[in-house]
Amino acid sequence: MVVAQRWYQEAVVYCVDASSFQDSDGDGCGDLPGLISRLDYLSRLGVSCLWLNPIHPSPWRDDGYDVSDYYNVHPRLGSLGDFVELTRQARERGIRVVIDLVVNHTSDQHPWFQDARRCADSPYRDWYVWSAKEPADRRQGIVFPGEQKETWTFDERARAWYFHRFYDFQPDLNWANPDVRREISKVMGFWLQLGVSGFRVDAAPFVLEQVSADVDPGPLDFSILDSWRQETQWQLGDAVLMCEANVDPSSVGQYVASRSDGPADRSHLLFDFVLNPRMWLALARQDSEPMIEALGNPVVLPEGGEWATFLRNHDELDLSRLTDEQRRDVFHAFAPRPQMQLYGRGVRRRLAPMLGGDRRRMELAYALQFSMPGTPVVRYGEEIGMGETLTLPGRDAIRTPMQWDDTRNAGFSDAEPEQLIRPVPRTGRYGASKVNVRAQQRDPDSFLRWFENLCHVLREAPEIGTGHCTVIQTPLPRAVLAHRMDAPAGSILLLHNLGPDSAVVDIGPQKGCTSAPYDLLVDGPYDQPTRQLRGLELHGYGYRWIRLRRADRL
Ligand code: BGC
């Protein structure tokens with residue numbers, strides 16, 4: 001089967017929060033001109049797609065996930081002109097831009113909601129979900145336990161209860177209303193015209209759920225996703241939908257295709273919430289078993305659908321799909337103190353400190369992520385090994401400004417430190433005086449340089465994005481995961497040692513190994529592999545990507 005070229009299957013996606021990346025005007029908040037000034041850095045890093053966390057006007061009570069105007073840019077971040085300039089300059093460097101589409105809810109400050117609450121015959125009343133009576137289930141279905149008390153709140157002005165899946169300042173839009181659908185289609189068309197290559201669909205399952213007070217929700221309404229796909233594709237042939245759907249593995253396929261035996265005709269990319277906690281469990285136990293289980297019984301996405309893999313994102317690391325015992329092991333290894341944990345299910349830390357700042361383990365973790373079927377998504381600052389600030393509340397701990405250098409505000413901003421959107425950690429093991437871009441740019445052995453190489457090697461290994469994954473069944477030490485990826489472009493054998501002890505593994509001759517195999521990515525010097533693939537050495541926490549075959553012509 002010849003796989004069509006799809007850009008998103010060979011991309012490296014970099015998630016950036018513009019407000020925390022680079023401030024260009026000294027107001028203490030990052031902005032789009034600042035981000036533009038860092039595009040050369042991102043280009044050298046080797047990322048090919050930026051996913052921007054929300055950039056719209058917003059009271060910013062949930063880091064911009066509470067939008068008050070879908071047709072503009074938050075004034076602190078810049079203007080629509082700056083946005084177009086960003087997409088133009090990014091495109092010149094071969095980088096696409098995808099933005100967050102946060103349409104499960106608006107901010108309660110959105111003029112639509114302000115009008116809707118004004119009176120029962122407001123034209124916007126039915127854009128939201130109301131109940132005249134107090135819903136008996138109003139304390140159910142909470143997403144942020146401890147921070148959120150209910151999902152229905154009484155609005156004094158409206159004299160009615162409104163539904164909010166998330167915080168009370170985020171009223172849910174009523175997706176059963178065709179006017180809402182038409183308006184959000186316009187929003188999407190607007191941003192496509194301004195140069196985006198697609199959308200990260202925030203909270204997708206909640207957009208599709210049909211909520212009414214005290215009524216069991218019916219089936220999810222996938223026609224919403226169907227129409228988004230048709231409309232975006234019609235307007236821009238290669239635009240993508242990247243869905244956030246943290247749901248049971250048995251139902252993820254529906255977010256990608258309308259028919260279980262059909263091609264992807266809904267979203268193109270789906271965040272891999274199935275694999276993510278498994279990778280962390282494997283790293284915590286130093287045991288390949290959880291990965292073998294996940295890769296051996298994969299949730300197969302319909303043709304054209306792709307996983308977006310990640311280790312950390314802008315939210316807590318969600319371990320709710322693990323058993324209590326598994327979750328305990330991950331907490332024990334990576335978030336032993338209560339203040340490192342969140343909502344009883346997650347971890348509010350960045351990767352480097354979770355792995356004790358151990359360079360070998362950091363490399364191993366990212367090599368492992370990048371070797372997984374799918375498209376890797378990386379959060380800003382991961383490439384230099386930034387840490388978290390646990391004194392900040394909730395998820396803010398992992399949302400501190402990018403650390404560019406060791407000056408007062410880490411090169412993020414010229415403002416007074418107390419004016420910064422969030423404090424820059426200066427001291428300590430992960431503070432900007434130790435961990436910053438400039439120092440790592442000067443050092444050929446830095447983590448940043450290693451990360452750049454990783455991104456570039458992945459670009460030379462298209463079989464990982466487009467290929468078929470097989471776990472190698474040969475008996476191996478428990479800590480070692482061996483899998484291969486095969487595509488028309490070639491075949492790669494991937495070995496990862498999750499444990500501290502070195503190992504020597506016999507893989508044995510592999511089908512399709514046509515020429516002399518050679519190492520593509522390694523953690524240190526090894527003897528070149530032979531065609532027998534026996535006696536392959538692996539250092540503790542070591543990894544080897546071995547090319548078995550490369551097609552001369554496709
Ligand atoms: C985003 C969160 C946000 C929530 C509400 C999530 O899925 O990732 O950061 O708080 O949606 O919009």
Side-chain angles (χ1 to χ4, degrees), residues 13-20 51-70 74 98-110 113 128-129 141-151 153 162-173 175 184 187 199-209 211 220 225 241-247 252 255 267 269-273 276-277 308 310-321 342-343 345-350 377-380 388 392-400 421-422:
V13 180
Y14 187 87
C15 167
V16 58
D17 171 359
S19 71
S20 303
W51 152 31
L52 299 190
N53 292 134
I55 52 166
H56 303 306
S58 158
W60 222 261
R61 293 181 67 191
D62 182 16
D63 236 26
Y65 285 89
D66 46 336
V67 177
S68 55
D69 178 1
Y70 289 101
H74 194 295
V98 164
I99 59 168
D100 241 302
L101 181 71
V102 187
V103 293
N104 171 65
H105 46 266
T106 67
S107 157
D108 60 358
Q109 299 308 305
H110 196 295
F113 188 71
Y128 294 89
V129 183
I142 281 167
V143 177
F144 302 125
E147 293 178 8
Q148 189 191 352
K149 291 191 177 49
E150 54 190 4
T151 49
T153 293
Y162 66 93
F163 178 69
H164 52 90
R165 174 58 69 196
F166 296 93
Y167 296 108
D168 60 1
F169 54 81
Q170 291 167 321
D172 273 37
L173 282 167
W175 277 91
I184 300 302
V187 167
F199 304 94
R200 177 233 181 220
V201 180
D202 183 59
F206 300 122
V207 178
L208 310 186
E209 70 181 352
V211 177
L220 297 183
L225 215 45
L241 298 176
M242 183 157 104
C243 244
E244 184 204 26
N246 186 356
V247 296
V252 289
Y255 289 83
S267 49
L269 287 156
L270 203 56
F271 283 95
D272 201 343
F273 285 99
N276 171 273
F310 62 103
L311 282 164
R312 291 296 294 109
N313 63 13
H314 63 294
D315 289 327
E316 79 282 8
L317 162 62
D318 181 5
L319 304 172
S320 55
R321 291 195 185 283
L342 198 61
Y343 311 135
R345 62 168 183 240
V347 176
R348 56 184 206 112
R349 304 190 74 192
R350 276 187 176 262
V377 181
V378 179
R379 179 115 200 287
Y380 79 89
E388 69 273 348
L392 293 174
R395 294 169 292 165
D396 286 1
I398 50 162
R399 296 176 175 180
T400 53
I421 178 156
R422 278 189 198 100

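Heavy-atom basis, side chains included; hydrogens, waters and symmetry copies ignored. Not measured: the values here are computed from a predicted model. One-based numbering, in listed order, for ligands and for the atoms of each.
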- Among all protein heavy atoms, pick the one closest to atom 3 (C) of ligand 1 and tell me residue, atom and distance. Asp62 OD2, 3.4 Å

- Short side-chain donor-acceptor distance under 3.5 Å, Asp100 and Trp51: yes

- Task: For Arg61 and ligand 1, answer yes if some heavy atom of the residue is under 4.0 Å from a ligand atom, otherwise no.
- Result: no

- Item | Residue, atom name and distance, where the atom is the protein heavy atom closest to atom 4 (C) of ligand 1 | Phe166 CE2, 3.8 Å

- Query: Looking only at protein heavy atoms, which one is nearest to atom 8 (O) of ligand 1, and how far off is it?
  - Reply: Asp315 OD2, 2.5 Å

- Query: What protein heavy atom is closest to atom 6 (C) of ligand 1, reported as residue, atom name and distance in Å?
  - Reply: Asp202 OD1, 3.1 Å

- Message: Quick check for you: to the nearest 0.5 Å, what is the distance between Tyr162 atom OH and Gln170 atom CD?
- Response: 10.0 Å

- Does Arg165 have a heavy atom less than 4.0 Å from any atom of ligand 1? no

- Task: Over 60° means perpendicular and under 30° means parallel, so classify the ring planes of Phe144 and Phe166, tilted if in between.
- Result: tilted

- When you check the gap from the basic side-chain N to the acidic O, do Arg379 and Asp315 get nearer than 4.0 Å? no

- Message: Is Phe144 close enough to touch ligand 1? Criterion: a residue heavy atom under 4.0 Å from a ligand atom.
- Response: yes

- Message: What I want to check is whether the side chains of Thr153 and Asp168 have a donor and an acceptor closer together than 3.5 Å.
- Response: no

- Could you check atom 7 (O) of ligand 1 against the protein and tell me its nearest heavy-atom contact, residue, atom and distance included? Glu244 OE1, 2.5 Å

